[in-house]
Colleague: 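I have a structure I would like to understand better, so I am pasting it below and will then ask my questions one at a time.
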Amino acid sequence: MLISAIQFVAVWPLTLRAYNPLLGGYEGAKNMLPVGGGESAEAGAVLNNPWLAGRSIAASDIVGTAPFFPGALVPLTDSGLTQADYLVVTASDFQLTPDDTRHWIGNTPPMITVTVQGEPFAWVYPNQWLAVEREHLAAQHQPTDAFLADYHSASAQQQAAEVLSSEIDEATAIDRLTQIAQTHDRVWVIHYATTPRRILDPVLRLLDTHAVALDEWSTPLSEGTLYALPEGVSFATQPAALRGNVSFGDNLHLQDAQLLVPRVQPGQAIGIFTEWTATGPAAQLEVSVVDDANHVWSANAIDVPLQEVEARPRGRRLNVPVPLTMPPGKYQLTLNVIDMVSGSPLSTRRSNGSSGGIDWPLGSIVIDPAQTPIDPATRKPPITLNAELGGLRAIGTETPPDPIITGDPWTLSMEWFTQADRLPALDVQWDFVANGTVIYSTTLPLNPYSTEQWRAGDVLQSKYDFRLPIEVPAGVYDLQFKVIDRATGQPLTDRAGESALVELTKVNVATRPRSFTSPTAAYPLDVKFDEVAKLGGAAVKRSGSAITVTLYWQAEAITTTNFTAFVQLIGADDQVQQQIDNWQIAFDAPTSTWIPGQVIADQYVFEVSSSALSSDATIGVGLYNAATGERLPALTAGQRLPQDRVVIK
């Protein structure tokens, strides 16, 4: 006993939970038992520092730490961390709850390390997630802002936020937001991980649809969004009908679809209500916002509501965010349904029984000019320029593809800030330069929303479509641009009055192998598919249980659409026994990459039984647009073929 007592005194204030002489003293105990207890006293003593006075600290062992730390202690939990400036983590926390502990500290280095008998026992970290929340509030807060939250956090108390502690229905949410909009121009909404998300869902759905999201954050501790409330905003509107009454696959039927608000502005969300009768398979509905050039500006997805047995109508609401820099104009809403098992989109079937493509046109949406200005300093594209161009500022662009393949289409997004009203009609001249020589140049409209309608303070994004000619040699190029006044043909000048030529970045240009020689085919053909391509011939090889079909396409024109080829194995009864569909023609040559005159050898292999190898079996070939399900007209000698299909005997 005396020996044990001496050992115990030597490591005071350790308790038996941390030090047990029967387990080999501290060195043995720290590897076999959870440490803690008395060590919290050591941690508490270290925390008794003037710079921590008045601060709040989260700890797992409040009982052991409280007598030695004069500040406020809260539990090391979701709710406690909404109050804590710092957190103290012990070796016991790493032993007993390692995942939770690392979840809260992340990669942040400790501010203080507490040692006991020379061994590290506790660490003090800043509450990094609360710091993110405070950073956003400090940067964006205005005295007249309203605050809604679902927990009595330190931030909620500081901002005198209204706290919703229980669920409310949409009517109540409409009333509350209408009251807020009468006296406030902006409102913060903050959700905390310690409470169910559904408490704020009715409020968030309404604000996403009717207000403008200016700032947001998301951490393991909280999620927050700052909304601007447009002048005269109404949270109760009459929905507009969209196109419904369509099936996806065999068991998913879209009964109805409605657009909650027919016109929105950047920073809002497009609210869509859908009603389904669906028993499976598990699927996701995805709505995309698409412009006339087929650029997708935004998209969002949510599960299709399924019933286990009887298909009863069930509703699902979806919000598609509108990017802050999206140009005003009319856009199309496209619906796809994705099979969750295969990851493939399901084809549509219209109410009259006819088959469609994978894209269902729901309707259109109008994006109005933004009422709430955007601070251009908050825009941080991957390539930042901030180049001044006579009333315009080129903020920056996304990163071009690496490499850029000659003949293949690609798109570059760029953001602009205008400092003047009603600019002249402007274009952008893009130059690819090698050793000071322009190898390729193209001029494109600066934006489909004419710069003549831009207002001072607008921040808008443009999307530029490129296709380098195949004659451009492979190599490294300087990508440059200048803005041209369309009426005069003169470039805008910089602040010094010089023609403003902006160096964007260096790009790598490569070529893809292409053939322009038509091979001798076993089955010579001359079938045109609209103006896109010609099927010049085919080869069919029968070997064992396999039939290999090789098609020889020749491109007739440039297209931006990736058409899908179908190849059918047709039996003697004229029934399709097998069909292979492929848009990645020749494995890596979709039709959008074809150049006029290019010949593409495209191979398909059917595995069949011996009964299918009779001489009566034929091959059917065609092209169709998977988005719409429409086949390209197939013509030979000026005559259109039945079913727009070539049949190879």
Side-chain angles (χ1 to χ4, degrees), residues 74-75 77-83 129-130 133 136-137 145-184 186-213 215-229 233-239 256 258-261 268-276 278 284-285 300-308 312-321:
V74 294
T77 61
D78 290 350
S79 57
L81 285 166
T82 65
Q83 314 288 335
W129 305 129
L130 184 61
E133 178 180 316
H136 280 261
L137 291 174
D145 290 347
F147 284 81
L148 289 174
D150 55 12
Y151 189 73
H152 292 276
S153 68
S155 297
Q157 295 173 32
Q158 181 182 358
Q159 304 297 341
E162 177 182 349
V163 177
L164 303 179
S165 55
S166 59
E167 296 180 48
I168 60 175
D169 58 22
E170 184 158 306
T172 303
I174 289 174
D175 289 342
R176 186 67 199 99
L177 290 174
T178 300
Q179 294 173 17
I180 291 174
Q182 291 172 356
T183 54
H184 296 81
R186 311 193 322 168
V187 59
W188 294 83
V189 182
I190 308 176
H191 160 67
Y192 291 94
T194 191
T195 59
R197 174 63 186 262
R198 61 181 178 272
I199 290 176
L200 288 174
D201 273 351
V203 170
L204 290 168
R205 284 197 299 265
L206 289 166
L207 287 171
D208 284 339
T209 302
H210 300 278
V212 177
D215 182 52
E216 60 185 2
W217 74 85
S218 177
T219 73
L221 178 65
S222 64
E223 298 174 7
T225 307
L226 168 62
Y227 294 94
L229 301 173
V233 62
S234 172
F235 294 97
T237 56
Q238 186 66 34
D256 186 31
Q258 296 180 341
L259 184 62
L260 300 182
V261 180
Q268 293 181 330
I270 301 167
I272 298 171
F273 178 80
T274 59
E275 188 176 67
W276 298 81
Q284 275 195 334
L285 67 98
N300 200 10
I302 194 171
D303 291 344
V304 175
L306 302 180
Q307 296 83 46
E308 292 184 1
R312 303 185 308 275
R314 291 185 61 188
R316 185 70 90 218
R317 178 169 174 163
L318 176 73
N319 280 343
V320 184

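Numbering of residues begins at 1 and proceeds along the displayed sequence.
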Colleague: Stepwise, does the side chain to side chain contact (heavy atoms under 4.5 Å, CB included) test hold for Tyr151 with Asp78?
Modeller: CA-CA 11 Å; Tyr151 189 73; Asp78 290 350; over 6 Å; no
Colleague: Hey, are the side chains of Asn300 and Ile270 touching, using non-hydrogen atoms and a 4.5 Å cut-off?
Modeller: no
Colleague: If a pair satisfies salt bridge (charged side-chain N to carboxylate O under 4.0 Å, His left out) and one of its residues is in residues 173-183, list it, with sequence neighbours excluded.
Modeller: Glu162-Arg176
Colleague: Holding to side-chain hydrogen bond (donor to acceptor under 3.5 Å, both in side chains), I want the full list of residues that pass it with Ser218, two or more places apart in sequence or in another chain.
Modeller: none
Colleague: Less than 3.5 Å apart, which donor and acceptor atoms pair up between the side chains of residues 200-209 and the rest of the protein, not counting sequence neighbours?
Modeller:
| from | atom 1 | to | atom 2 | distance (Å) |
| --- | --- | --- | --- | --- |
| Asp208 | OD1 | Tyr227 | OH | 2.7 |
| Thr209 | OG1 | Arg205 | O | 2.9 |
| Thr209 | OG1 | Arg317 | NH2 | 3.1 |

Colleague: How would you list, by chain and number, every residue that makes a salt bridge (Lys or Arg N to Asp or Glu O under 4.0 Å) with Glu216, sequence neighbours excluded?
Modeller: none
Colleague: What's the spacing between Arg314 CZ and Gln307 CD if we round to 0.5 Å?
Modeller: 5.5 Å
Colleague: For Thr195, give me all partners under side-chain hydrogen bond (donor to acceptor under 3.5 Å, both in side chains), at least two apart in sequence or on another chain.
Modeller: Asp150
Colleague: With Thr194, which residues qualify under side-chain hydrogen bond (donor to acceptor under 3.5 Å, both in side chains), at least two apart?
Modeller: none
Colleague: With a 4.5 Å limit on heavy-atom distance, are the side chains of Leu81 and Trp129 in contact?
Modeller: no
Colleague: Run through Ile272, Thr274, Asp303 and flag the one making a side-chain contact (heavy atoms from CB on, under 4.5 Å) with Leu285.
Modeller: Thr274
Colleague: Checking side-chain hydrogen bond (donor to acceptor under 3.5 Å, both in side chains) for the pair Ser153/Ser155: CA distance, chi angles, key distance, verdict?
Modeller: CA-CA 5 Å; Ser153 68; Ser155 297; 4.7 Å; no
Colleague: Considering residues at least two apart in sequence or located in another chain, which fulfil the ring-ring contact (aromatic ring centres under 6.0 Å, His included) criterion with His210?
Modeller: Phe235
Colleague: Is any side-chain heavy atom of Phe273 closer than 4.5 Å to one of Leu260?
Modeller: yes
Colleague: With sequence neighbours excluded, what pairs up with Ser222 under the side-chain hydrogen bond (donor to acceptor under 3.5 Å, both in side chains) test?
Modeller: Glu133, Trp217
Colleague: Considering residues at least two apart in sequence or located in another chain, which fulfil the salt bridge (Lys or Arg N to Asp or Glu O under 4.0 Å) criterion with Asp215?
Modeller: none
Colleague: Could you check whether any side-chain N or O of Glu275 sits under 3.5 Å from a backbone N or O of Pro313, counting only pairs where one atom can act as donor and the other as acceptor?
Modeller: no
Colleague: Answer whether the closest heavy-atom distance between the side chains of Gln258 and Asp256 falls below 4.5 Å.
Modeller: yes
